[in-house]
**Q** 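Sharing a structure with you now.
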Protein chains: 2
Amino acid sequence: MKRDSRLSGVLHVLLHMAEHSGPATSEVLAKAMSTNPVVIRRIMAGLREQGYVRSEKGHGGGWTLARDLAEITLRDIYDALGRPSLLAMGNRTEAPGCLVEQAVNTALDKAFHDAEALLLARLGEVTLAALSADFHARLTARSGSLTTEFDHA
Amino acid sequence: MKRDSRLSGVLHVLLHMAEHSGPATSEVLAKAMSTNPVVIRRIMAGLREQGYVRSEKGHGGGWTLARDLAEITLRDIYDALGRPSLLAMGNRTEAPGCLVEQAVNTALDKAFHDAEALLLARLGEVTLAALSADFHARLTARSGSLTTEFDHA
DNA sequence: GCTTCATGTAACTTCATATGTTACATAAGG
DNA sequence: CCTTATGTAACATATGAAGTTACATGAAGC
């Protein structure tokens, strides 16, 4: 199962934007994420609709945060991405009339639902500000300069 | 994200085997699951190695349960399948040296790990016997005959 | 023995989807 | 009006589950 890394990617981008003064272009963010500018725009489009970021065209344009990091939880970002399925496993739906399948699916669904609920609750507890604070803690722990550590490549 | 339905499929097959007197051939199980016999064999191969089922070739051959349903939990089956990833979401690993990515991944990993642990715990609480009991309860609730309800098609 | 029925397995195709790329339209500075 | 940026469609690629075909292996019945 290939795992969806969009949530991880978006959070990465948003934190980089927070460290960036002024609008950050898709190209700059793409370089930092070793990906393509179009991928950045595609991911950010959903966030813009939800009001988490703003975009501006033309000279001096790019992406800026529209809210304080303390107001955004990981759950918010997950929702803004369209709530992609969290679990890699699902039920067969070939024969929903089969009572055996119903028994199996009912049991699995319960376990799956509980796990999803816990995960969503955990994501709701963490703000981007907390992640940013963790980042800065790691930064000082390494005693490196911001610009140096900021580079990926 | 396409979801892996092997666990659901295997449980379905095992419960059908429990209702089946004598060895069930891959072809019979495949028909009940509306899939291909080879898919059945592929999935069952792992279970055989773990001692949950036996297979016999030739006339009168097929698959039989090697243990009591009460001794097998959903977690056991999950393990026998090779513990495929439970979560559909993962971390980017493009720039593991990036402190921003480290902060993001640490937070996500924690949430993911908690959810996985809960799910595995839940799976460990449910035995195949419990699922079978649920199936039989549904059967009597519908007041149908076993042979009729057993058919998918 | 030989035929038949079944599993065992490799190799291939198909399908879904995240990800990456190209191309071009649109809008805002200068 | 040229440059810079986003916006988006269209296409390409990669991965992995699921399905299929083909053939080998082994056990029962004749």
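Lettering of chains follows the sequences in order, A, B, ..., and the numbering in each one begins at 1. These numbers come from a predicted model, not from an experiment.
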**Q** Please report, rounded to the nearest Å, how far the C1' atom of D/dA17 is from the CG atom of A/Asn91.
**A**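 A/Asn91 atom CG is separated from D/dA17 atom C1' by 16 Å.
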**Q** Please list, for nucleotides 28-30 of chain C, all pairs of protein and nucleotide N/O atoms separated by less than 3.5 Å.
**A**
none

**Q** Starting at CZ of B/Arg54 and ending at C1' of C/dG8, how long is that distance when rounded to a whole Å?
**A**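 It works out to 19 Å between those atoms.
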**Q** May I ask you to check whether over 12 heavy atoms, not counting those of A/Glu125, lie within 6.0 Å of atom CD?
**A**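 Buried by this count: over 12 neighbours within 6.0 Å.
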**Q** Students often get this wrong, so: under 4.0 angstrom with heavy atoms, is B/Arg6 touching a base, only sugar-phosphate, or nothing?
**A**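 Sugar-phosphate contact only.
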**Q** Please produce a list of atom pairs where a protein N or O lies less than 3.5 Å from an N or O of nucleotides 13-16 of chain C.
**A**
{"from": "C/dC15", "atom 1": "O2", "to": "B/Lys2", "atom 2": "NZ", "distance (Å)": "3.3"}

**Q** Does C/dA6 have OP1 or OP2 under 4.0 Å away from a side-chain N or O of B/Thr25?
**A**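 So the side chain of B/Thr25 is outside the cut-off, no N or O lying under 4.0 Å from OP1 or OP2 of C/dA6.
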**Q** To the nearest angstrom, how far is A/Arg48 atom CZ from D/dA5 atom P?
**A**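 Rounded to the whole Å, the gap is 17 Å.
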**Q** Hey, does A/Gly60 reach any base, or is it just sugar-phosphate, or nothing, if we go heavy atoms under 4.0 Å?
**A**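 Here A/Gly60 touches no strand at all.
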**Q** Atom CE of A/Met33 to atom C1' of C/dA18: distance rounded to whole Å?
**A**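 For the pair A/Met33 CE and C/dA18 C1', the rounded distance is 14 Å.
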**Q** Please give, in whole Å, the distance from C/dA10 C1' to B/Arg42 CZ?
**A**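 The distance from CZ of B/Arg42 to C1' of C/dA10 comes to 10 Å, rounded to the nearest Å.
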**Q** Could you work out, with side-chain hydrogen bond (donor to acceptor under 3.5 Å, both in side chains) as the rule, every residue matching A/Asn36, not counting sequence neighbours?
**A**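 Checked A/Asn36 against side-chain hydrogen bond (donor to acceptor under 3.5 Å, both in side chains); zero matches.
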**Q** Can you tell me which residue among B/Val104, B/Leu99, B/Asn105 is in a side-chain contact (heavy atoms from CB on, under 4.5 Å) with B/Glu101?
**A**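 Output: one option passes, namely B/Asn105.
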**Q** Would you please confirm or rule out a distance under 4.0 Å between OP1 or OP2 of D/dG7 and any side-chain N or O of A/Arg41?
**A**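 Checking D/dG7 against A/Arg41, no side-chain N or O comes under 4.0 Å of OP1 or OP2.
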**Q** In whole angstroms, how far is the P atom of C/dT17 from the CZ atom of B/Arg3?
**A**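 My rounded result for the distance is 11 Å.
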**Q** With sequence neighbours left out, write down each residue that passes side-chain hydrogen bond (donor to acceptor under 3.5 Å, both in side chains) with B/Thr106, or none if nothing qualifies.
**A**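 Only A/Arg138 meet the side-chain hydrogen bond (donor to acceptor under 3.5 Å, both in side chains) criterion with B/Thr106.
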**Q** A/Thr73: which residues meet the side-chain hydrogen bond (donor to acceptor under 3.5 Å, both in side chains) condition with it, sequence neighbours left out?
**A**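 A/Thr73 satisfies side-chain hydrogen bond (donor to acceptor under 3.5 Å, both in side chains) with A/Asp76 once adjacent residues are dropped.
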**Q** For residues 107-121 of chain B, which residue pairs qualify under side chain to side chain donor-acceptor pair (under 3.5 Å), counting only residues two or more places apart or in two chains?
**A**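 Pairs touching residues 107-121 of chain B that pass the test: A/Arg122-B/Asp114, B/Asn91-B/Asp109.
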**Q** Got more than 12 heavy atoms from elsewhere within 6.0 Å of CD, A/Glu71?
**A**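 Yes, CD of A/Glu71 has more than 12 neighbouring heavy atoms, counting only those of other groups under 6.0 Å.
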**Q** Within the structure shown, what part of the strands sits under 4.0 Å from A/Asp4 by heavy-atom distance: base, sugar-phosphate, or nothing?
**A**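 Sugar-phosphate only.
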**Q** Within this structure, what is the CG-to-P distance between B/Asn36 and C/dT9, rounded to whole angstrom?
**A**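 After rounding, the reported distance stands at 16 Å.
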